[in-house]
Structures are given as C-alpha cells and as structure tokens.
Amino acid sequence: MFKYFEPNKIFSITSKAPKYVLFLFVIILSIGLMEALIFSPEDYKQSHSVRIMYVHVPAAWISLGIFSVITFLSVVGYVFKIRNFFLISKSLAPSGLVFNIVALVTGSIWGKPTWGTWWAWDARITSMLILVLFYIMYLVAWRIYENNDKAFKITFIITILGIVNVPIIKYSVDWWNTLHQPASINIFSKSTIHISMLFPLLTMTAAFALFSLLIFLMKYNTELIKIKNKGLDRL
Amino acid sequence: MYGRKVKLRFFFVILTLLTLFLTVFLILKSLEKNVVYFQSPSEIKALSEIKKNKIRVGGMVKINSISMKTKEINFIITDFENEINVIYSGVVPNLFTEGKGVVAEGYLKDKNFFLATKILAKHDENYMPPEVKAALQEK
C-alpha cells in the first residue's frame, strides 16, 4: 500500500494515456454500434426496439460498477488514510452519474413501446433513481468541501450509505414482483440472451468502460495539476 | 502491523455497513406489500376485503382468453393457480398478447372481476432472433 505518491510520476503516465484510450474507444464504439444497429438480429417479440438494450444495459452496468469501485476506494482510503484513492473516486464519479442518467432515460424510451409506459414506480427503476441521487450528493459534497479532510470523510459516508442500494438494485427483480424483467445475463446459470445479441452487448459495454476511463483520466489529470500548482510534491 | 487507529477505522466501517444493511433489510421486509409493483391473482383471492383504491394485478394473459368487442377488451390474467377476469377499454401496448406477461392497473369489482384503467405489457428476460424462436417451437 502506497501511503505517499509522486504526482509528477503518475502525471507523466496519465497525461499521455488519454489519446490511446480515445483511439481504442472510437474503434470499439464503431464496432459495437455496427453490430448493435446493423448486424445483430431483431428480437422475436420486440423486433427492432430491442436495440435500445445495447445502450441501456451497458450504461446501467457501468454506473453500478463505478459506484462499487468508488465505495471500495473510499473505504480503503478512509481506513488506511490514502488521499490518492479519494481523488481517484472523485474523478470516477462524473462518468458514473452520466451513465446512470443514460440508463434511466433509455429505459424510459424503451419502456414506452414495450411496456406501454414511460415510467413506473417499480422497485428496479426507483432504486436506480435513488442511485442517481447518491451520485449527485457525492459530487455536490466534493463541490462544497474542496479537497480537504472534511470532503474525504463526508464522501466516504455518502458512498457507504449508497452501497446498501446496490444489491437492492441487482436483486430487486428477483425479490419482488416488478414490471422490469429479471436479468438475462447470468454468471452462474444459463444466460437467456441469444449469442448473436450477447456479442454487441459486450462490445458496447467495453466501449462505455473505455469512455469512463477516458473521462476519468481527464478529471484525474486536472486533480494532479491542481496539486502541482499548490506546490505540493506529495498528497 | 497496522496502528490502533487503522484497526478502529476498519472496525467502524464493518460496523456501519452491518448496521445499515440490517436496518434497510428490516425496513424492506416490513414494507414488502408496498414494494411489490403488482399482486398476483392468488393474492387477490386471498384478500379478506375488497378495497376501493387503485391496485395492480399481474400475471400471464391466459391463452385463448382475449375477446375484443367494439369498445371493450376482455381477457383473463392467470398465475396458473388462480385467474381473474379483466375488463378494459382503451389502447393496449404492442407486446400485449396471449401467453405473455401483463400488468393491469385499476379497480377490483369483486374477487373475479377487475376493471382496468391501464394495461402494461411485461416482457420476459428471453432475447432471441425470430428464426431461433421458430426453431425452438418446432422442437
């Protein structure tokens, strides 16, 4: 575990990385979009509206994943007093929020032609809305308590409160009667999605993950520059 | 190895998470009736009294139960144990078909008749191209 780190050393890597990530992102996204919009088949029941899934599901996964990572980093950062982990969390949060909103909006657009409603106060959808609120709380806390010890403590508390919601989102469709259908992709049991649809889904997930990484690098570099400008060689 | 403060902070995190998860679990457990989006026909049958407020009933549309009239559509929601007749006038979503999931929002007339004001189609977690579906049905 590194207690101290040298911003200059990290910056020399992270400042060069974005252009490579951007390059990869554009390639993977083009492949993903071609597969999702042209090559993948229509669904037997939903026909072409199933294509919304290739944006909706990856966005939801990424937003949940980022929140989990943020919580993990904040908890470890809190226990071992690693300031760098808090800055990484702070830089990850904006893309998590964006993808969370994307998941809700595309879900709404998908819901209208399939379910017949834009919005339902169903357990899955409501818990995703709560996650958006936690993301906003988290980012607002950083705005209020600019990079000082108070910000670390408060954002740590917000993540630890918010993480309780994550398993609820995941299992809401299994625990209760919901309008939202249960998960199609299962790690431990057979997935109920045809392989020709799984492939574009995973490619789009990789593209969104790269986009998050890109935004993260940009945000993180800004944080490092701020530290350098303050003349601190270590956090 | 690690200082006393580190151990205390670690203990604090574990304790907080445990408390939060337990609290939320208990709250959700006690609110179960309100968290569910719809009730099944069996749960409707088990009701002790019929309330006037709006509820949602969900299940499968029974095969061969849809009958369209000029202004009205009748069908049966089943959970393969109990059934309930639904009367509805209005537009149904595209995915509303026999043998598929449905959620009806409206009022109970009695335990066997439900006056729906809104019909939502519930689709399942199976995604496949039409050819695969046709191949599956042939088997």
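Note that the coordinates shown come from a computational prediction; the quantities given were computed from them, not determined experimentally. We name chains A, B, ... by the order of the sequence lines, and we start the count at 1 in each one.
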Against chain A, residues from residues 108-120 of chain B with at least one heavy atom under 4.5 Å, in numeric order, are B/Lys118, B/Ile119, B/Leu120
- Item | Working for side-chain contact (heavy atoms from CB on, under 4.5 Å), residues B/Glu32 and A/Trp175 | CA-CA 9 Å; B/Glu32 189 138 28; A/Trp175 290 342; 5.8 Å; no
Taking a cut-off of under 4.5 angstrom between non-hydrogen atoms, the residues of residues 72-83 of chain B near chain A are none
Okay, B/Glu43 and chain A: the region with an atom under 4.5 Å from a heavy atom over there is side chain
Most heavy-atom pairs under 4.5 Å with chain A, out of B/Gly101, B/Ala121, B/Pro93, belong to B/Ala121
Assert top hit (heavy-atom pairs under 4.5 Å, partner chain A, pool B/Val132, B/Thr97, B/Val92) equals B/Val132
Whatever's closer than 4.5 Å to a heavy atom in chain A on B/Val13 counts as both
Okay, B/Lys133 and chain A: the region with an atom under 4.5 Å from a heavy atom over there is side chain
Quiz prompt | Beyond-backbone contact of A/Tyr44 with B/Glu131, side-chain heavy atoms, under 4.5 angstrom | solution = no
Whatever's closer than 4.5 Å to a heavy atom in chain B on A/Ser196 counts as side chain
Practice item. Give a yes or no on this: more than 12 heavy atoms of other residues, nucleotides or ligands lie within 6.0 Å of atom NZ of B/Lys45. Key: yes
Could you list the donor-acceptor pairs under 3.5 angstrom formed between side-chain atoms of residues 21-30 of chain B and any protein atom two or more places apart in sequence or on another chain?
from: B/Thr23; atom 1: OG1; to: B/Thr19; atom 2: O; distance (Å): 2.5
from: B/Ser30; atom 1: OG; to: B/Leu26; atom 2: O; distance (Å): 3.2
from: B/Ser30; atom 1: OG; to: B/Ile27; atom 2: O; distance (Å): 2.8

Here the pair of heavy atoms bringing B/Lys122 nearest to A/His180 is NZ-O, 3.8 Å
One should read off an interatomic distance between A/Phe156 CZ and B/Phe12 CZ, to the nearest 0.5 angstrom, of 5.5 Å
From the list B/Asn94, B/Asp124, B/Leu8, B/Val35, the residue making the most non-hydrogen contacts under 4.5 Å with chain A is B/Val35
Under 4.5 Å to a heavy atom of chain B? For A/Ala120 that would be both
Counting heavy-atom pairs under 4.5 angstrom with chain A, the leader among B/Lys100, B/Lys7, B/Gln39 is B/Lys100
Applying a strict 4.5 Å limit to non-hydrogen atoms, the region of A/Pro113 in contact with chain B is backbone
The interface call for A/Val164 against chain B, heavy-atom contacts under 4.5 Å, is both
Main-chain N/O of A/Tyr78 paired to B/Arg9 side chain as donor or acceptor, under 3.5 Å: yes
query = Taking everything shown except A/Ile195 itself, do over 12 heavy atoms lie less than 6.0 Å from its CD1?
reply = no
Cut-off 4.5 Å, heavy atoms of chain B, and the answer for A/Leu161 is both
Next item on the list: Taking A/Asp43 for its side chain and B/Tyr127 for its backbone only, find out whether a donor-acceptor pair lies under 3.5 Å.
Entry: no
When the 4.5 angstrom heavy-atom criterion is applied to A/Ile163 and chain B, the contacting part is both
Check for a donor-acceptor pair, side chain of A/Asp122 on one end and backbone N or O of B/Tyr37 on the other, with a separation under 3.5 Å.
no
Residues at least two apart in sequence or cross-chain that pass side-chain hydrogen bond (donor to acceptor under 3.5 Å, both in side chains) with A/His56, listed by chain then number, are A/Thr106
CD of B/Glu125 to CD of A/Gln181, rounded to nearest 0.5 Å, is 8.0 Å
Item to check | B/Asn126 backbone acceptor or donor facing A/Ser184 side chain under 3.5 Å | outcome: no
Notebook entry, point to check: Do A/Glu42 and B/Pro129 have side-chain heavy atoms sitting under 4.5 Å apart?
Noted result: no
Here the gap from B/Leu17 atom CG to A/Ile160 atom CD1, rounded to the nearest 0.5 Å, amounts to 4.0 Å
